[in-house]
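Side-chain atoms are counted along with the backbone in the values below, which use heavy atoms only and exclude waters and symmetry mates.
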Amino acid sequence: MPISVIKAIAATLTLWAASVSADTPLSLATLNMPPLEYQENGVVKGISTDIVNTVFARMGISP
C-alpha cells in the first residue's frame with residue numbers, strides 16, 4: 001500500500017476523532033481485496049485492518 005494512502009487514512013481518522021465525542025460510533029466500509037482486506041471466519045483481516053487498528057490504538061480509541 002502506498003505511503004500516501006496510509007497518510008490519507010491516518011489524517012482522515014485523526015480529523016474524525018477530533019470532531020466527534022467518545023459516544024459517537026464509527027462505521028468503516030471496506031472492500032474485499034486480499035491481502036489488503038479480507039474476511040476469515042467472519043472477522044475482517046488484512047494490512048488495511050491492521051493499519052486502522054494501529055491508528056486507533058495510537059489515538060487511544062478501542063476498535
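V52 and V43 sit in two unconnected hydrophobic clusters of ILVMFWY residues. Membership requires side-chain heavy atoms under 4.5 Å apart, directly or through other members. Under a hydrophobic clustering in which Ile, Leu, Val, Met, Phe, Trp and Tyr are joined whenever their side-chain heavy atoms come within less than 4.5 Å, directly or via other members, V55 and L36 fall into the same cluster. The hydrophobic clustering, which links ILVMFWY residues whose side-chain heavy atoms are closer than 4.5 Å, places V44 and F56 apart.
Separating the CD1 atom in I47 from the CE atom in M33 is a distance of 13.5 Å, to the nearest 0.5 Å.
Applying the salt bridge (charged side-chain N to carboxylate O under 4.0 Å, His left out) test to pairs two or more places apart or on separate chains, none has a residue in residues 51-61. Sorted by first and then second residue, the salt bridge (charged side-chain N to carboxylate O under 4.0 Å, His left out) pairs with a member in residues 45-56 read E40-K45; sequence neighbours excluded.
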